2 protein chains.
Amino acid sequence: MIHDHLSQTFAALADPTRRAMLARLSKGEANVTEIAKPFLKEMSLPAVTKHLKVLERAGLISKSRDAQRRPCRLNGEAMRNAAEWMEQYRVFWEESFDRLDAYLATVTAKKKAKRSTNGPTK
Amino acid sequence: MIHDHLSQTFAALADPTRRAMLARLSKGEANVTEIAKPFLKEMSLPAVTKHLKVLERAGLISKSRDAQRRPCRLNGEAMRNAAEWMEQYRVFWEESFDRLDAYLATVTAKKKAKRSTNGPTK
DNA sequence: CGGTAAATTAACTAAGCGGTTAAATACTGA
DNA sequence: TCAGTATTTAACCGCTTAGTTAATTTACCG
């Protein structure tokens with residue numbers, strides 16, 4: 001209820017059905033019945049609608065309209081926020097120093113790329 | 001109940017209290033009362049124990065024993081698994097091609113580092 | 001208009017989660 | 001052994017979540 005956005009995103013990801021839906025959408029836009037097809041043996045269509053609503057409120061997907069269809073597409077931003085939060089823990093899973101070095105090198109590379117191309121990052 | 005490991009990890013991360021506990025542990029080992037201190041205005045000690053158990057079952061932390069204390073420490077592996085799952089969606093949040101290029105460069109750099117140094121990875 | 005397809009809403013249920021208080025356990029140290 | 005510190009367990013409560021079926025909405029098409 002107090003749920004901040006990050007919590008909502010992680011909660012949405014904490015379900016294999018929803019992760020499978022995201023995997024499907026990573027291959028391209030799809031409407032509700034198309035997304036539902038692989039799951040209709042296991043659950044009803046309203047259940048699918050609910051899962052999609054969870055993904056939508058978490059900002060992971062967005063729906064548009066095409067006649068009766070509601071084409072859904074993946075929305076990278078929410079997942080980026082989650083990934084960026086995780087990034088601060090990378091040092092804990094990069095177990096050897098030289099791999100940590102490699103990571104620090106990539107950070108430098110990224111900063112360079114960012115400096116050359118873009119604008120302000122929060 | 002059917003919860004696969006990845007779902008458990010994401011579910012554990014979907015709570016600001018638990019994320020704050022991880023942040024605390026990223027600064028170093030701490031036992032239960034130490035971890036609990038910032039939260040005892042908002043919740044009881046058993047509530048803290050429960051949160052820690054969620055983190056533990058998700059593999060995000062591990063407890064050891066020191067007399068009556070249960071020192072907890074962060075365990076990077078579970079978070080790495082989650083981060084690696086997310087990695088496949090990176091293309092959806094890397095909005096410009098040159099930043100994608102930069103990322104691909106880092107992947108190459110990592111491979112090189114691994115090849116040259118390596119050693120057994122648990 | 002009437003029929004059909006696509007998706008959502010309503011109303012309900014069972015189970016899980018986050019919290020509580022009270023009691024129990026584990027260990028130390030005089 | 002006894003008192004005290006650290007932590008967990010038990011039993012319970014209210015809310016949320018994931019699912020159901022039935023009904024409704026929305027838009028197309030012949």
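Just so we're on the same page: letters track the sequence lines, and every chain starts at 1. Source: prediction; values computed, not measured.
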Between B:Glu56 and B:Lys53, does at least one N-O distance fall below 4.0 Å, as a salt bridge requires?
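A salt bridge is absent here (no side-chain N lies under 4.0 Å from a carboxylate O).
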
Report, one pair per line, the protein and nucleotides 26-30 of chain C atoms (nitrogen or oxygen only) whose separation is under 3.5 Å.
unit_1, atom_1, unit_2, atom_2, d
C:dC27, OP1, B:Arg65, NH2, 2.7
C:dC27, O2, B:Gln68, NE2, 3.3
C:dT28, O4', B:Gln68, NE2, 2.5

side-chain contact (heavy atoms from CB on, under 4.5 Å) with [X]: which residues, sequence neighbours excluded?
{"X": "B:Arg70", "result": "B:Val32, B:Lys63, B:Arg65"}
{"X": "A:Arg19", "result": "A:Pro16, B:Asp4, B:Leu6, B:Ser7, B:Phe10, B:Trp85"}
{"X": "A:Ala11", "result": "B:Ala14"}

Scan residues 6-27 of chain B against DNA chain D and write down, sorted by residue number, each residue with any heavy atom closer than 4.0 Å; if none is found, say none.
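Listed by number, there are none.
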
Listed partners of A:Glu29 passing salt bridge (Lys or Arg N to Asp or Glu O under 4.0 Å), at least two apart
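For A:Glu29 there are no salt bridge (Lys or Arg N to Asp or Glu O under 4.0 Å) partners, ignoring immediate neighbours.
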
Partners meeting side chain to side chain donor-acceptor pair (under 3.5 Å) with [X] (sequence neighbours left out):
{"X": "A:Asn75", "result": "none"}
{"X": "B:Thr49", "result": "none"}
{"X": "B:Thr33", "result": "B:Asn31"}
{"X": "B:Arg18", "result": "B:His51"}

Selection residues 35-45 of chain B - residue pairs positive for side-chain hydrogen bond (donor to acceptor under 3.5 Å, both in side chains), sequence neighbours left out:
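The answer is none; no pair qualifies.
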
Contacts to DNA chain C from residues 33-61 of chain B, heavy-atom cutoff under 4.0 Å, which residues?
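Heavy-atom contacts with DNA chain C come from B:Glu42, B:Met43, B:Ser44, B:Pro46, B:Ala47, B:Lys50, B:His51.
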
